[in-house]
Amino acid sequence: NLTEKLSGVVKRLRGEGKITESNIQEAIKEVKLSLLEADVNFNVVKNFVDAVTRRALGTEVLGSLTPDQQFIKIVHDELINMMGKDSTGVELSGKPPVAIMMVGLQGSGKTTSAGKLARYLQINKRKPYLVSCDIYRPAAIEQLKKVALTVGVPAFDTNPQDKPVDICRAAIGQALVKGCDVVIIDTAGRLHIDEELMKELEEIKAAVNPSEILFVADAMTGQEAVNVASTFNQRLDITGVVLTKMDGDARGGAALSVRAATGKPIKFVGVGEKMDGFELFHPDRIASRILG
Amino acid sequence: FFSSKSLTKENMDAIEEVLFTSDVGVKTSQRLLDFLNENLSNKELEDAGKMRDALKQRIKEMVKVDVPPVAFDKKPYIIMIVGVNGVGKTTTIGKLGAKYRALGKTVLFAAGDTFRAAASEQIEVWGERAGIQVVSGQEGSDPAAVIYDAISAAKAKDIDIVIADTAGRLHTKLPLMEELKKVKRVCNKAVEGSPHEIFLVLDANTGQNAISQAKEFNDALGITGIILTKLDGTAKGGVIIGICDELKKPVRYIGIGESVEDLRDFDPDEFVNALFE
Ligand SMILES: Nc1nc2c(ncn2[C@@H]2O[C@H](COP(=O)(O)OP(=O)(O)OP(=O)(O)O)[C@@H](O)[C@H]2O)c(=O)[nH]1
Ligand SMILES: Nc1nc2c(ncn2[C@@H]2O[C@H](COP(=O)(O)OP(=O)(O)OP(=O)(O)O)[C@@H](O)[C@H]2O)c(=O)[nH]1
Ligand SMILES: [Mg+2]
Ligand SMILES: [Mg+2]
């Protein structure tokens, strides 16, 4: 892993009083390669490594730590710094029922995460309502309804002949009637480059004025994570990210890419197919994983 | 930042950027740069155009796995579709079924995902659209039993091709990988020598984790081909270069959209050209 690779490379810092550009060149290279192997975006890696170099240069090799430990600590701390804070969950300010939109590419885990989020909110004494406005994918509405049943939360009876914006408006009306205070909107997966479908999301946002727009991203996403996340953020001004399928062995560099590209917080992590596979995001956990 | 004796710094940086941003990965990119260094003259290494052509040619060789086309030479010809969650297995089955029907074959779908909410309903819609019978089971039932029943039905009805859907699963979940091995054994019990194809579906958006996916599914089952989906997005799927070169398994089809006609035979030239666009 990176710590082992770095210990070997940074050994020569022992006996040197300071960290200099030349004596950490090898170490910086190891960090670069490790982050690329972890799927951190190429340009995000460049910027990260520049930040680490700046922080490391001129640093006195403190008595308590060995130079390699010091360097690794700088890398680790800088990564945690970039990843943001421990998640505090969702923002639900506004007159109930408040809306939360789940958006993202096809297959990233939106429908499943919508159910998990409903379960999380219910545990936190909220009364969630689920609605699918995915009128395209075969049996998408049925999937969300079954998820709602599993969680024990009411779901809107979406008519696939209706327009997504109208579905969402009607669902909020229904939620109000049922005394629910949060409406979780499951949207269809779409490409960030599909103009018509990105516009559809903008229309839904304008119609429901959501308190949260959560970008759902697959932890195994590669280099395009930056491009995809930036586009969704530019079009919608997302409020947070859900990183799914973290129960696999993907290093999850997409987390750093998405964070760097949008500046938005990662709020939740999906860690399984069942409804209880859902955790608040902790930057220190993912930092260790990305570094390998 | 690889050590390279003759490649000019600019040319090397340019190539690295193209390869890395296309998800080709560190190891495969290094091997490609080594290849250029070993096979091109110093003069050629200073010519960006010559380098790019040599690179494209080499990549093409790596992804063009020399195997015969899919033969459909057994009846029923049984195709098992596997892969991690959300990559496009069920949708691809819908597309494959329609494609094979258009070629004059009779097809049957086995709704082998008995786990995920509305998985059977999803493949039933695809079956309905293409006029293809779907054999499904109760949610929570044994996927191997459903697939066995589907194969029995196919034999009774003299069906040409059975395509078996399976639930998405992470390759790190050993009991779930064991479940797939059982499905494979049950196919073989129903029709000796089957499944005749095991296609691993990979999502073009996936980064280096696709390598462990390919390795684990191949070690567990022995895949016969790869289907690369979502190439209509902006991801290039560069990770399959290393996968094809190492596992020697061919990419058979690519998915380029969500509609039934959005499936193409894999074309190495198209793939390589798209990498350098
Ligand atoms: N292992 C694991 N699987 C997950 C997780 N989240 C979702 N999945 C699975 O990923 C697959 C896709 O999930 P969906 O919820 O259907 O994804 P989606 O984004 O709604 O898909 P589209 O609506 O088609 O865009 C399903 O098999 C889910 O069970 C997770 O955290 N871990
Ligand atoms: N843009 C695009 N979307 C695709 C493609 N193939 C599949 N999809 C979409 O990806 C999402 C997931 O597809 P599924 O067929 O449900 O994937 P799966 O592998 O069967 O998912 P699980 O069974 O839950 O593991 C759906 O929204 C599909 O429409 C493709 O080639 N391009
Ligand atoms: Mg969905
Ligand atoms: Mg499926």
Side-chain angles (χ1 to χ4, degrees), chain A residues 25 28-29 32-34 36-43 45 105-109 111-112 115 136-150 188-194 218-228 231 244-245 247-254 257 272-273, chain B residues 1-2 16-17 19-27 29-30 84-91 94 115-126 128-129 139 167-173 176 203-210 212-213 216 229-230 232-239 257-258:
Chain A
Q25 228 181 55
I28 289 290
K29 181 173 156 198
K32 256 188 191 161
L33 293 182
S34 183
L36 281 172
E37 284 169 343
D39 289 324
V40 180
N41 175 271
F42 183 70
N43 289 311
V45 170
L105 292 179
Q106 293 91 344
S108 60
T111 305
T112 307
Y136 313 100
R137 168 175 158 154
I141 295 164
E142 190 60 21
Q143 183 187 0
L144 196 275
K145 281 184 177 169
K146 287 196 173 178
V147 162
L149 204 61
T150 303
R190 67 205 62 216
L191 296 179
H192 52 302
I193 53 173
D194 186 327
D218 195 322
M220 55 180 170
T221 309
Q223 294 289 310
E224 279 301 297
V226 161
N227 191 6
V228 177
T231 307
T244 63
K245 308 175 202 171
D247 45 316
D249 62 353
R251 295 267 296 278
S257 298
E273 294 194 64
Chain B
F1 36 81
F2 293 124
E16 261 177 18
E17 180 145 358
L19 296 179
F20 285 142
T21 56
S22 307
D23 286 313
V24 174
V26 170
K27 182 161 155 235
S29 299
Q30 179 65 79
V84 304
N85 308 72
V87 295
K89 297 177 294 301
T90 306
T91 305
F115 172 77
R116 206 209 68 215
S120 297
E121 287 86 335
Q122 185 185 6
I123 192 170
E124 280 161 4
V125 172
W126 282 106
E128 232 169 276
R129 287 175 180 179
E139 201 166 296
R169 69 206 62 218
L170 297 181
H171 49 293
T172 47
K173 307 211 162 161
L176 298 184
D203 182 333
N205 290 294
T206 306
Q208 299 309 297
N209 195 252
S212 13
Q213 292 174 24
E216 295 304 324
T229 61
K230 308 183 195 173
D232 48 316
T234 53
K236 306 279 179 136
V239 68
E258 302 188 70

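None of these values were measured; they are calculated from a predicted model. Here is the naming used below: chain letters follow the sequence lines, and residue numbers restart at 1 for every chain.
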The reported gap from CD in B:Glu216 to NZ in B:Lys173 (rounded to nearest 0.5 angstrom) is 14.5 Å
Minimum heavy-atom separation for A:Asn41 and A:Gln223, please, with both atom names. ND2-O, 3.1 Å
Where on B:Lys230 is there a heavy atom nearer than 4.5 Å to chain A: the side chain, the backbone, both, or neither? side chain
Contacts of B:Ser22 meeting side chain to side chain donor-acceptor pair (under 3.5 Å) (sequence neighbours excluded), chain-then-number -> none
Need one label for A:Asp247: side chain, backbone, both or neither, based on atoms under 4.5 Å from any heavy atom in chain B. both
Region of A:Arg251 in contact with chain B, defined by heavy-atom distances below 4.5 Å: neither
With a 4.5 angstrom heavy-atom cut-off, is it the side chain or the backbone of A:Asp249 that approaches chain B, or both, or neither? both
What heavy-atom pair brings B:Ala118 and A:Ala139 nearest, and what distance separates the two atoms? CB-O, 3.8 Å
Below 4.5 Å from any heavy atom of chain A, which atoms of B:Glu258 appear? Answer side chain, backbone, both or neither. side chain
Is it the backbone or the side chain of B:Ser212 that comes under 4.5 Å from a heavy atom of chain A, or both, or neither? side chain
Can you tell me if CD on B:Glu17 sees more than 12 non-hydrogen neighbours from other groups inside 6.0 Å? yes
How many angstroms lie between atom CD of A:Glu224 and atom CG of B:Asn205, to the nearest 0.5 angstrom? 7.5 Å
Taking side-chain contact (heavy atoms from CB on, under 4.5 Å) as the definition, give me every residue that meets it alongside B:Asn85, ordered by chain and number, with sequence neighbours left out. A:Lys245, A:Glu273, B:Leu170
Honestly, the part of A:Leu144 sitting under 4.5 Å from a heavy atom of chain B is neither
In terms of heavy-atom proximity below 4.5 Å to chain A, should B:Val84 be classed as side chain, backbone, both, or neither? side chain
Residue selection (most heavy-atom pairs with chain B, distance under 4.5 Å) from A:Val45, A:Leu191, A:Asn43: A:Leu191
